[in-house]
Structures are given as structure tokens and as C-alpha cells.
Number of protein chains: 2
Amino acid sequence: MPYVPCPSCPLRANGPFKQYADRDIKFLDDLKKDHLAVEAGRDIIDAGDPNPPLFTLFSGWAFRYKMLPDGRRQILNFLLPGDVIGFQGHMFDAAPHSVQTLTDVELCSFHRSKVWELFSAHPELAFDLTWLTAREECYVDDNLLTVGRRSAVEAVGTLLIHLYKRADALNLRKNGGVTFPLTQSHIADALGLSLVHTNKSLRKLAKMGLHEIKNGSLTLTNGRALEKLAQFFDEPLAARPLL
Amino acid sequence: MPYVPCPSCPLRANGPFKQYADRDIKFLDDLKKDHLAVEAGRDIIDAGDPNPPLFTLFSGWAFRYKMLPDGRRQILNFLLPGDVIGFQGHMFDAAPHSVQTLTDVELCSFHRSKVWELFSAHPELAFDLTWLTAREECYVDDNLLTVGRRSAVEAVGTLLIHLYKRADALNLRKNGGVTFPLTQSHIADALGLSLVHTNKSLRKLAKMGLHEIKNGSLTLTNGRALEKLAQFFDEPLAARPLL
DNA sequence: CGACTTGTTGAGCCCATTCAATGCTAGTGG
DNA sequence: CCACTAGCATTGAATGGGCTCAACAAGTCG
């Protein structure tokens with residue numbers, strides 16, 4: 001796993017990300033502690049950890065989740081390259097949720113102790129960190145609307161479109177579709193549904209000719225109709241911050 | 001409606017809020033545009049507004065919500081005195097959700113154009129604004145867990161405890177209980193339940209002797225058992241920021 | 001007083017659940 | 001190469017939690 005210095009970050013160069021002044025990039029490079037690889041299915045943040053790490057997701061997928069003591073799980077939202085991980089834990093006594101990798105990932109880890117310096121000396125970065133926090137809240141808000149008020153079929157359709165758009169915006173295309181590493185169990189836990197009913201809803205949508213999932217790749221075969229069904233929110237902005 | 005200057009803010013003086021340096025308070029006072037009253041049941045932010053206002057809730061209750069085109073409504077979270085309103089809309093093209101008053105309220109409105117100055121010249125305030133944004137996300141995360149994975153009775157119990165704790169922390173006590181301005185319809189829309197089933201769940205909890213709602217006041221008559229049932233998250237911190 | 005909002009309760013239905021069984025694929029080890 | 005295992009996807013059957021529909025009580029406001 002080669003160390004990737006921020007000034008030569010390929011994600012920053014190739015993705016739909018905002019550009020920063022050299023001074024800011026230099027600071028980010030100073031903030032960066034390590035570049036590490038973690039395999040799929042590992043918890044990288046544990047709810048309750050009083051001193052959780054701070055990352056940016058460099059490559060791969062992950063998700064934030066919470067559990068009830070009896071084992072019920074709710075996935076809060078999914079994390080794609082460029083997303084900040086664990087900042088909430090920095091602000092409170094302890095990490096309020098867990099984070100688990102969905103695929104093998106690469107992470108940029110940061111020095112938590114220097115976050116205050118970010119706020120005091122790099123207001124543009126601070127603003128964008130807040131922006132990323134707010135955007136994550138938007139995703140959760142939308143998912144809450146889905147879980148609370150949409151039917152199972154609507155909910156599954158909505159989630160597929162949402163993830164398709166986000167992956168597509170990051171150029172995660174792969175022979176016609178986008179990479180799609182979720183199992184049906186993840187979909188169920190993100191939507192508050194049972195695994196069995198999630199499967200039946202997926203089959204129903206596929207039979208309606210609206211999507212196809214094969215070999216870890218998601219294709220929307222009738223995007224327009226699916227959008228109409230799901231009435232999902234707008235695309236993310238084109239130029240987004242990347243810390 | 002008398003104008004309340006920030007240096008003599010009674011909320012800041014009496015509530016469980018953090019203290020700031022005079023310099024910061026002075027800036028906040030400069031940021032403040034108006035002090036206004038709005039009656040109960042009014043939308044103060046409309047989803048889709050490209051230029052939504054920015055407030056702090058000075059007194060009263062409100063809630064953030066989203067609607068589907070066919071009228072289904074999902075309440076995202078509730079807003080109590082000290083909460084910032086509309087900051088998300090400042091970061092995106094348009095307000096991603098609506099905000100409606102639940103009681104008569106008083107609002108401090110701010111100059112949106114000076115938010116950047118807040119970040120560049122008042123990092124402590126910027127950090128705390130981010131903190132408030134992150135805390136709101138925590139509330140939504142918890143509500144998503146509730147809506148997705150708890151039964152109706154558990155969900156209603158959880159919400160009652162959550163609101164009781166928040167109101168209690170703000171000293172909103174009233175002859176034994178705390179003020180509680182929600183109708184059952186609000187509870188239903190916050191939890192993704194039907195109105196009828198919400199009513200039945202409330203009655204069930206009341207019959208179990210766990211709470212009582214009367215004259216706009218909520219009393220937890222068996223707090224310990226209810227907590228056990230709901231297994232809700234920790235108290236908010238004692239000293240929180242107030243912008 | 002009627003109109004309206006909010007809360008309450010019962011009846012019946014249906015969407016989503018649990019339980020259960022089976023197929024498919026990939027990986028492991030003999 | 002095959003037996004065995006494990007994880008994931010699929011499907012049917014039966015149950016049930018939460019839904020809709022409907023009626024009514026109680027308080028408030030013009």
C-alpha cells in the first residue's frame with residue numbers, strides 16, 4: 001500500500017472535486033497521518049469508542065450503521081470515495097455510530113488533534129468540512145423519508161437510483177452499469193425491511209424491467225420510469241469538496 | 001416584540017449554554033438581523049426555496065419535515081430553543097426540507113451574507129455551528145434507527161423519552177412534566193406510523209403506566225421502565241453552543 | 001349553535017413479517 | 001475431481017403488526 005501524498009492525490013485530480021489553493025493542500029498533507037488498506041466487512045469505527053479515528057474514504061465503499069442491543073441493525077447511509085468518516089465522533093464524547101467496510105477500501109487517516117488548526121487557520125477547509133457534514137445529513141434525511149413513508153417497492157427503487165447516481169458521479173462505471181457491492185441484506189437494513197421482503201421487492205422491480213443487478217454491477221434499464229416512481233432528490237453538486 | 005440584543009440574551013444567560021468571549025458575542029450581535037415572532041403552524045422555511053432565511057429558535061418549538069408529492073409527510077426532527085434553523089439551505093442550491101412552527105415562536109434572524117465572515121474570523125463560532133449541525137444529524141440518525149427497526153410501541157416510547165430529555169434540559173418544566181405541544185399527528189409523521197396506530201400505541205404505553213399527556217404537558221410516570229424499553233441514547237452535553 | 005380540530009375505539013384487510021425449504025456459487029480440503 | 005461448507009439469493013405458506021375505513025366523543029372557536 002503506497003503512501004499517497006495529498007498534492008499528488010489521484011482522486012482529487014480525476015474526480016468531480018473542488019480545487020484548493022496550494023497552501024490548503026499543503027495543510028491537508030500535514031494533517032494526513034497514514035494511508036491504509038482495510039478488507040471488506042471490517043468495522044473501522046465502533047459505536048461508543050471515546051476516541052475514534054478520522055478518515056477520508058480514498059477508494060471502495062462503506063456504510064454507517066447503528067445496532068439495537070438485540071441485534072437489529074439500521075444502516076444510516078452509504079459512504080463512497082471522498083466521504084469523510086468519523087468526524088461526528090470527534091465532536092462528541094464517543095462515536096455515536098459504527099462504520100463498516102463494504103468492499104476492500106483504502107483510507108486516508110488524519111491527525112485528530114489538528115482539526116482545531118483546520119478551523120482556526122483554514123476557514124475554507126472548515127467550511128467544506130461542514131458542507132460535507134451537512135450533505136451527509138441530507139442523505140440521512142432522504143433515507144428517513146423513504147423508510148418512514150414509502151412502500152417497500154418504492155423504497156428499494158429509490159435507494160437503487162440514489163446509489164446509482166452517486167456512483168455514476170464518481171465515474172464508477174463498469175460495462176454499462178455501476179459497481180454495486182451491496183448484498184440484499186444491506187438493502188434490507190438500510191430500508192428497515194426484512195431480507196425476504198427486500199428480495200421480493202427487488203424481483204418485482206426487475207420484472208418491471210427497471211433494473212438489473214449482476215456480478216456486482218447495477219444497471220438501470222429504464223431509468224426514467226424508475227425515477228418517476230421514486231421521485232428522488234436532486235443530483236449532488238458537480239464540484240464538491242474533498243478533504 | 002422587543003428586539004433582543006445578543007449581549008443581553010436571556011436564553012444565553014439562563015439556559016445550559018456555553019459562554020463566549022465578548023468579541024464573539026459582539027460579532028453575533030452584528031450578524032443578527034431581526035428578532036421576530038411567528039404564530040404556531042406556519043412554515044418558516046419552504047423546501048425548494050433557493051434563498052432560505054437563517055434563524056436561531058429563541059423560544060417555542062418547531063420541526064423539520066419533507067413531503068412526497070402525494071401528500072405523505074415525514075417529520076425529520078424537532079427543534080427547541082437554541083437550535084439553528086435553515087443552515088443547510090445556505091450550503092446548497094435550495095432548502096432541502098421545510099420547517100414549520102409547532103407553537104408560537106420567537107426567532108433571531110441572521111444576515112446570511114456574513115456567514116463566511118463567521119468562518120474566516122470566528123473559528124470557535126464556526127466550529128460550534130458545525131457542532132450544532134452534527135448534533136442535529138445525530139438526532140436524525142437515532143430517529144432513523146427508531147423508524148426502521150423499532151416496533152410502534154417502542155418507537156413512540158423512544159420519542160417521548162427523547163423529547164422529554166431535551167425539553168427538561170432546557171428547563172421547560174411545567175407542574176411535574178414538560179411542555180409538550182405535539183399532536184398525535186406529529187408523532188405519527190415523525191415515526192412513519194398511521195395516526196390511528198399511533199393513538200393505540202400511546203394508549204398502550206399510558207395503560208402500562210409509563211407516561212401521561214395532559215393539557216400540553218408530558219409526564220413520565222415510570223421513567224426507568226420506559227427507558228429500559230426504549231434504550232435510548234445518551235443525554236445531550238451539558239454545555240452546548242448557542243449562536 | 002355549527003364547524004373544526006384532536007383524540008379514541010372497533011372491524012376488517014393487507015403489506016410485510018417470520019418460518020421454512022431450496023438453489024446457486026465460490027471456496028476448502030481430501 | 002468431488003464432497004462439504006458457507007454465504008447469498010429465491011420462493012411459498014402462514015402469521016401478524018400496522019393499515020384503512022368508519023363512527024363517535026370532547027373541546028374550541030367563530
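Every chain is numbered from 1, with letters handed out A, B, ... down the list of sequences.
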To the nearest 0.5 Å, tell me how far L57(B) CG sits from F78(B) CZ.
13.5 Å
Tell me: NZ of K204(B) to C1' of dT9(C), nearest whole Å?
13 Å
Under the rule for salt bridge (charged side-chain N to carboxylate O under 4.0 Å, His left out), what residues qualify as partners of K33(A), not counting sequence neighbours?
none
Could you state the atom-to-atom distance from CG of N199(B) to P of dA11(C) in whole Å?
16 Å
What is the separation between atom CD on E154(B) and atom C1' on dG17(D), rounded to the nearest whole Å?
12 Å
R203(B) atom CZ is separated from dG17(D) atom P, nearest whole Å, by 20 Å
With the threshold set at under 4.0 Å for non-hydrogen atoms, list the residues of residues 177-195 of chain B touching DNA chain D in residue-number order.
G192(B), L193(B), S194(B)
Sequence neighbours left out, what passes salt bridge (charged side-chain N to carboxylate O under 4.0 Å, His left out) with R73(B)? Give chain and number order.
D189(B)
What closest approach, in Å, do D46(A) and A95(A) show between heavy atoms, and which atom pair accounts for it?
O-CB, 3.7 Å
Separation of dA16(C) C1' from R150(A) CZ (nearest whole Å)
18 Å
Within this structure, what is the NZ-to-C1' distance between K200(A) and dA14(D), rounded to whole angstrom?
11 Å
Could you tell me the separation between the NE2 atom of H197(B) and the P atom of dC13(C), rounded to a whole number of Å?
18 Å
Could you list, one pair per line, each protein nitrogen or oxygen that sits under 3.5 Å from a nitrogen or oxygen of nucleotides 22-24 of chain D, together with the distance?
none

Under 4.0 Å, counting only non-hydrogen atoms across every strand here, what does S201(B) touch: a base, just sugar-phosphate, or nothing?
nothing
Any ion pair linking E137(A) and R135(B) (charged N to carboxylate O, less than 4.0 Å)?
no
ring-ring contact (aromatic ring centres under 6.0 Å, His included) against F180(A), all qualifying residues, sequence neighbours excluded:
none
Between D141(A) and K66(B), is there a side-chain N and carboxylate O pair less than 4.0 Å apart?
no
I'd like to check the side-chain hydrogen bond (donor to acceptor under 3.5 Å, both in side chains) partners of T103(A); sequence neighbours left out, ordered by chain and number.
none
Short heteroatom pairs, N/O only, protein and nucleotides 23-27 of chain C, under 3.5 Å:
none

Under the salt bridge (Lys or Arg N to Asp or Glu O under 4.0 Å) rule, what do D83(B) and R166(B) come out as? Steps first, then yes or no, please.
CA-CA 11 Å; D83(B) 286 339; R166(B) 283 179 66 190; 2.9 Å; yes
Over how many whole Å does the gap from L218(B) atom CG to dG7(C) atom P extend?
13 Å
Take the C1' atoms of the five end pairs on each side of the helix from dC1(C)-dG30(D) to dG30(C)-dC1(D), get both axes, and report the angle to 10 degrees.
30°
Can you sort out the partners of A206(A) under side-chain contact (heavy atoms from CB on, under 4.5 Å), two or more places apart, ordered by chain and number?
R203(A), H211(A)
Mind checking ring-ring contact (aromatic ring centres under 6.0 Å, His included) for Y65(A) and listing every partner two or more places apart, or none if nothing turns up?
F63(A)
Among all residues two or more places apart in sequence or in another chain, which pass the side-chain hydrogen bond (donor to acceptor under 3.5 Å, both in side chains) test with H197(B)?
none
Applying side-chain hydrogen bond (donor to acceptor under 3.5 Å, both in side chains) to N199(B) and not counting sequence neighbours gives Q184(B)
Do E154(B) and R72(A) sit within salt-bridge range, that is, some charged N less than 4.0 Å from a carboxylate O?
yes
